[in-house]
Chemist: 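My questions will all concern the structure given below.
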Amino acid sequence: MNGKNGLHPEPCAFVIFGASGDLTKRKLIPALYNLATEDWLPEPFAILGLAVDKLTTESFRASLSTDIEGFLGAKPDPDIWKNLAGRIEYAQGNFKDPAVGRALAQALKTKGFKNAVFYFAVPPTLIGPIAENLGQAGLMDQAQGFRRVVVEKPFGRDLASAKALNAELLKIFDESQIYRIDHYLGKETVQNLMALRFANGIFEPLWNHAYVDHVQITVAEELGVEHRGGYYEQAGALRDMIVNHLSQLLTLTAMEPPASFSADAVRNEQVKVLGSVRSFAEDNKRCVRGQYGPGALDGAAVPGYRKEPLVAPDSSTETFVALKIFIDNWRWSGVPFYLRTGKRLARRSAEICVEFKAPPVLLFQKAGVDFLSPNQLVIRIQPSEGASLSFGAKVPGPSMQIGQVDMNFRYEDYFGKKLVTGYERLIHDVLIGDATLFQRADMVEAAWSMVDPILEHWAAEKPRFPNYNAGTWGPREADELLARDGRAWRECGENPAP
Ligand code: BG6
């Protein structure tokens with residue numbers, strides 16, 4: 001089977017900087033394995049891992065072979081894995097050393113690879129030095145074939161640093177060579193947002209301020225910070241989730257139909273949404289932050305954030321954010337978009353809920369029928385991926401009573417395909433040169449422009465943390481943010497069948 005739109009990638013080398021880290025074994029190798037099972041990898045294809053750790057090709061392959069089953073969640077097919085593992089090599093080196101760049105250039109030449117993808121699975125401080133090294137070694141010259149780089153988040157820690165990083169990369173690479181990855185865009189359900197909106201005639205006419213009351217976007221996690229306290233202390237939920245994943249969900253929900261599905265046409269529309277977001281500079285009442293204290297999840301006690309490893313005992317880092325966003329454009333004038341994300345919340349659930357306005361004349365209420373629940377279109381990103389539309393229906397019986405019912409679509413009931421991590425689709429897109437699902441420099445900067453004033457407000461005031469218990473839906477202020485508008489957060493998750 002060929003890949004997206006029948007495109008099969010050209011022969012290529014896949015070079016991973018920071019290959020001994022978590023990302024390689026957790027996501028990249030399992031995704032490459034899944035691509036191999038679908039015959040979506042190029043031929044010839046080679047994976048070259050680079051890191052400072054003292055490993056050999058044999059020991060690197062051996063540790064990946066041990067780990068693959070756990071991260072795939074299934075036993076790999078022995079033949080497919082053997083074939084893929086045989087293409088993996090490892091080289092030890094310091095990325096700042098120009099000799100590493102030269103050796104890499106030589107290795108690609110010897111192996112006959114004209115095309116190459118360089119994956120930066122490294123901390124942000126190493127992005128610049130690696131880019132410089134690639135440039136100096138002539139590795140980004142595309143005279144013979146394509147040369148692309150994939151950059152993982154975090155992409156800066158505020159607007160100024162994101163701009164500086166973009167400028168640094170753009171000194172060496174052309175924008176079209178840079179693939180800034182956001183794994184949310186690889187999720188089938190996130191891409192389904194575009195299908196739902198633009199492959200159907202029934203939703204788009206209602207998708208505007210005349211019919212939509214408000215939109216809620218929730219990405220709730222049960223997990224705490226686990227072993228990532230060191231990173232998270234510097235990041236917090238705003239930088240870790242809002243500036244990237246939730247901004248993507250926001251723009252895909254709110255954007256205008258693109259003129260085509262070309263990378264720039266889609267991304268132009270996304271960036272326009274961010275450009276229309278009303279500034280938080282004058283208004284810090286539309287943003288709420290929280291940090292979890294001790295609590296319980298699934299009946300087990302869990303510690304508060306300040307007791308997590310590598311976290312300061314008086315930490316001011318937020319593990320929860322709720323925002324009320326206005327998109328001041330023609331389509332969305334006056335429609336609030338409520339965003340929330342947090343760790344150690346009551347349930348793992350990511351979803352977008354579009355709540356429609358009530359009918360103009362409330363005939364049934366006039367006749368004494370109980371309050372009608374609003375129509376909601378809920379796109380469930382995870383878990384129980386799918387979508388549902390709720391509406392009112394008559395309850396059978398002699399009196400007129402209206403009950404809420406759901407039309408529910410579950411991915412697992414259709415298409416017979418297992419949803420994968422998201423990296424498969426994104427890596428394949430890099431291999432075929434489709435940047436639609438990757439962030440462009442201006443998108444990254446527009447997202448930072450949105451959150452920079454919030455960071456400033458928060459830096460000026462010490463929060464009273466912790467302010468929510470682990471295992472709940474976040475701080476009281478997040479509920480009040482909606483209650484002030486006469487609204488409430490939707491109880492996330494798939495509605496149980498009656
Ligand atoms: C990552 C964040 O980008 O996304 C993590 O750094 C977060 O803190 C994760 O847990 C959530 O991703 P997913 O796919 O599990 O929803």
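Both ligands and their constituent atoms are indexed starting at 1 by order of listing.
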Chemist: Ring-plane angle category for Trp332 and Phe337, please: parallel below 30°, perpendicular beyond 60°, tilted otherwise.
Modeler: perpendicular

Chemist: Does a salt bridge link Arg331 with Glu204, judged by any charged N lying under 4.0 Å from a carboxylate O?
Modeler: yes

Chemist: Hey, are Gln439 and Gln248 close enough side-chain-wise for a donor-acceptor pair under 3.5 Å?
Modeler: yes

Chemist: For Gly156, does its backbone N or O pair with a side-chain atom of Ser161 as donor and acceptor, under 3.5 Å?
Modeler: no

Chemist: Ligand 1: which residues have a non-hydrogen atom closer than 4.0 Å?
Modeler: Lys153, His183, Tyr184, Lys187, Glu221, Arg228, Asp240, Met241, His245, Lys343, Gln382

Chemist: Quick one: do Arg180 and Glu175 make a salt bridge, cutoff under 4.0 Å?
Modeler: yes

Chemist: Could you tell me whether Asp442 and Arg267 have a side-chain N and a carboxylate O separated by less than 4.0 Å?
Modeler: no

